[in-house]
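Throughout, numbering of the chain's residues begins at 1 and tracks the sequence.
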Amino acid sequence: MATSTTGSTLLQPLSNAVRLPIDQVNFVVCQLFALLAAVWFRTYLHSSKASPFIRHVVATLLGLYLALFCFGWYALHFVIQSGISYYIMIIIGVENMHKYCFVFALGYLTVCQISRVYIFDYGQYSADFSGPMMIITQKITSLAYEIHDGMFRKDEELTPSQRCLAVRRMPSLLEYLSYNCNFMGILAGPLCSYKDYITFIEGRSYQPTQSEANGKEEIKYEKTDPSPNTAVAQKLVVCGLSLLFHMTVSQTLPVEYNIDDHFRATASVPTRIIYLYLSLMAARPKYYFAWTLADAINNAAGFGFRGYDKNGVSNWDLISNLRILHIEFSTSFKMFLDNWNIQTALWLKRVCYERASFSPTIQTFILSAIWHGVYPGYYLTFLTGVLMTLAARTIRKNIRHHFIDSLATKLCYDIMTWMTTQVAISYTVVPFVLLSVKPSIKFYSSWNFCLHIVCILVLLIFTTKRTQKGSEEQEDSQSFCSKKQEEEEESVMGHNNYSTTNNFNQKREITQRNTTTKQ
């Protein structure tokens, strides 16, 4: 089905041939062009051959061109959002600019999402301009906090990671636009820290490592310039397999079939569970394709080098956004979230979770929902995710230690938690795919809200047990104190008059002796 686009229609014949919307074709072709441009950028505009100024200018102009090709005049939103945010940083000052930038950038993104969803294009899975704006919003807010940390707060107030990422000087307008709108990350990200990006542009390759002695992050500079070719080739293979899977298998397992009336009426419970898992698993490869290709583009330009492992092999996962094997074989809700959209999870942690004054988990999920957009399904997913996360954390804390005594029980535990995690994740994210309230509630109703109820019961049961345990410990403590006090009273009452008189006489003798000594 063809959809309208605000970008170029030059590739409309290709769109008709592959039967994909023109905006999606534009997106893929522009990313492939960015991949070739990244190779050229690294070869001919290497930091040893071109100044940081030239590299900033070229990266920014290429990025804005790709944005214009994909989104037409809507690409102006990227410049407007970045420009106003930079102006806010300049006039507000380092003390409070992080708050104003956060509110403005997130508010501007939300207004654009509302206009797109409820005015122009509700319910379309199109590659629209709000996607890049989500990444730019992350960059604006994270940089504002990093400047606030580096130029206003004291070092002893910062965590090790905040100290490592802190920016000690205000970036120029060109550096700011280059960071937000460079061709390597303007269409699909991923988010990277400002210091990492500037280090790359200026040609200072480094390797951040964890010091075992004090836990603080240290920077070790590398003199070599490792080749990213192997990493890029591997990631392109993953892209090809993901795209092939999405174009074939994913089309035969639509998520919407989970709420089909005939399927709900005739399928057995095991069949519905298996289809739920398979349909949501089949929905993931399109994200694998987009994020892995974006990672490969940055690597091809020479960006994303983390350092060398103990075997001397170069690691190109500094800004990687996912770990596919960890996702597909995750044995806990946290493990899945930690390996899915990694850079967004780090952004949520740095700007919200670590700085929240109360209920950091709830605040983080709410921010994540607002950032993703205004579809009701997003909020249903993230509110369900809060329950799932708290319940999973509670179960792991109270049960896991019973199953790690031997390899056999640990293996059984891992298999059970893998199955549970995959079903729970699938159950949670169905509204994220369905988008609207009615089909989402229809799905949860067909499952009788069973996992919601289980999570609530888990939290209530273990909270009650913890409360009872605390009460019992308090009663035991009070009982022990009472018993000890009774024993002491019995001991005192059990003494005869001689003992009491003797103690009195001893005290009087000591007093008299002290008086004599003083005299």
Has the side chain of [X] got a donor or acceptor atom that lies under 3.5 Å from a matching backbone atom of [Y]?
| X | Y | answer |
| --- | --- | --- |
| T421 | W418 | no |
| Q343 | S320 | yes |
| H246 | S242 | no |
| S314 | Y308 | no |
| S15 | L11 | no |
| N182 | I186 | no |
| Y86 | P171 | yes |
| Q162 | T159 | yes |
| T381 | G377 | yes |
| S330 | I327 | yes |

Any heavy-atom pair between the side chains of [Y] and [X] that's under 4.5 Å?
| X | Y | value |
| --- | --- | --- |
| L276 | V430 | yes |
| S85 | F104 | yes |
| I201 | E175 | no |
| L45 | I54 | yes |
| V79 | L64 | yes |
| L383 | L387 | no |
| L322 | D295 | no |
| L191 | I319 | no |

Closest approach of [X] to [Y] (non-hydrogen atoms, all atoms of both residues):
| X | Y | result |
| --- | --- | --- |
| T137 | A105 | OG1-O, 3.8 Å |
| S227 | W316 | O-NE1, 3.7 Å |
| F382 | S368 | CE2-OG, 3.2 Å |
| L165 | S193 | CD2-CB, 3.7 Å |
| F432 | L435 | O-CD2, 3.4 Å |
| P190 | K139 | O-CE, 4.4 Å |

Are [X] and [Y], when compared by the centres of their aromatic rings, separated by less than 6.0 Å?
| X | Y | value |
| --- | --- | --- |
| Y444 | Y427 | yes |
| F71 | H77 | no |
| Y74 | F129 | yes |

Taking atom types as modelled, is there a side-chain donor on [X] or [Y] under 3.5 Å from an acceptor on the other?
| X | Y | answer |
| --- | --- | --- |
| S178 | Y197 | yes |
| N339 | R323 | yes |
| R272 | S446 | yes |

K235 and side-chain hydrogen bond (donor to acceptor under 3.5 Å, both in side chains): which partner among N299, D317, T292?
N299
Quick one: [atom1] on [X] to [atom2] on [Y], what's the gap to the nearest 0.5 Å?
| X | Y | atom1 | atom2 | value |
| --- | --- | --- | --- | --- |
| E328 | M281 | CD | CE | 6.5 Å |
| Y375 | L380 | OH | CG | 14.5 Å |
| I22 | S8 | CD1 | OG | 7.0 Å |
| D260 | T266 | CG | OG1 | 8.0 Å |
| F443 | I441 | CZ | CD1 | 11.0 Å |
| N298 | L318 | CG | CG | 9.5 Å |

Evaluation steps, side chain to side chain contact (heavy atoms under 4.5 Å, CB included), between L253 and Y275
CA-CA 8 Å; L253 297 169; Y275 185 83; 3.6 Å; yes
Does [X] have more than 12 heavy atoms from other residues, nucleotides or ligands lying within 6.0 Å of its [atom1]?
| X | atom1 | value |
| --- | --- | --- |
| Y65 | OH | no |
| F53 | CZ | no |
| F263 | CZ | yes |

For the residue pair W347 and W371, categorise the inter-ring angle as parallel (less than 30°), tilted (30 to 60°) or perpendicular (more than 60°).
tilted
Could R55 and F200 be counted as a cation-pi pair, given that NZ or CZ must be under 6.0 Å from the ring centre and within 45° of the axis?
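Yes, R55 sits over the ring of F200.
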By the definition ring-ring contact (aromatic ring centres under 6.0 Å, His included), identify the one residue from F289, Y287, Y288 that meets it with W291.
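Answer after filtering F289, Y287, Y288: Y287.
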Run the side-chain donor-acceptor check on residues 27-42: report pairs under 3.5 Å with partners two or more places apart or on a different chain.
{"unit_1": "R42", "atom_1": "NH2", "unit_2": "P226", "atom_2": "O", "d": "3.2"}

Using the salt bridge (charged side-chain N to carboxylate O under 4.0 Å, His left out) rule, collect all pairs that involve residues 433-445, keeping only residues at least two apart or in two chains.
D261-K442
Checking T331 against Y413 for the side chain to side chain contact (heavy atoms under 4.5 Å, CB included) test, could you report, in this order, the C-alpha distance in whole Å, the side-chain angles of both residues, the deciding distance, and whether it holds?
CA-CA 9 Å; T331 56; Y413 176 80; over 6 Å; no
Salt-bridge present (R350, E146; N to O < 4.0 Å):
no
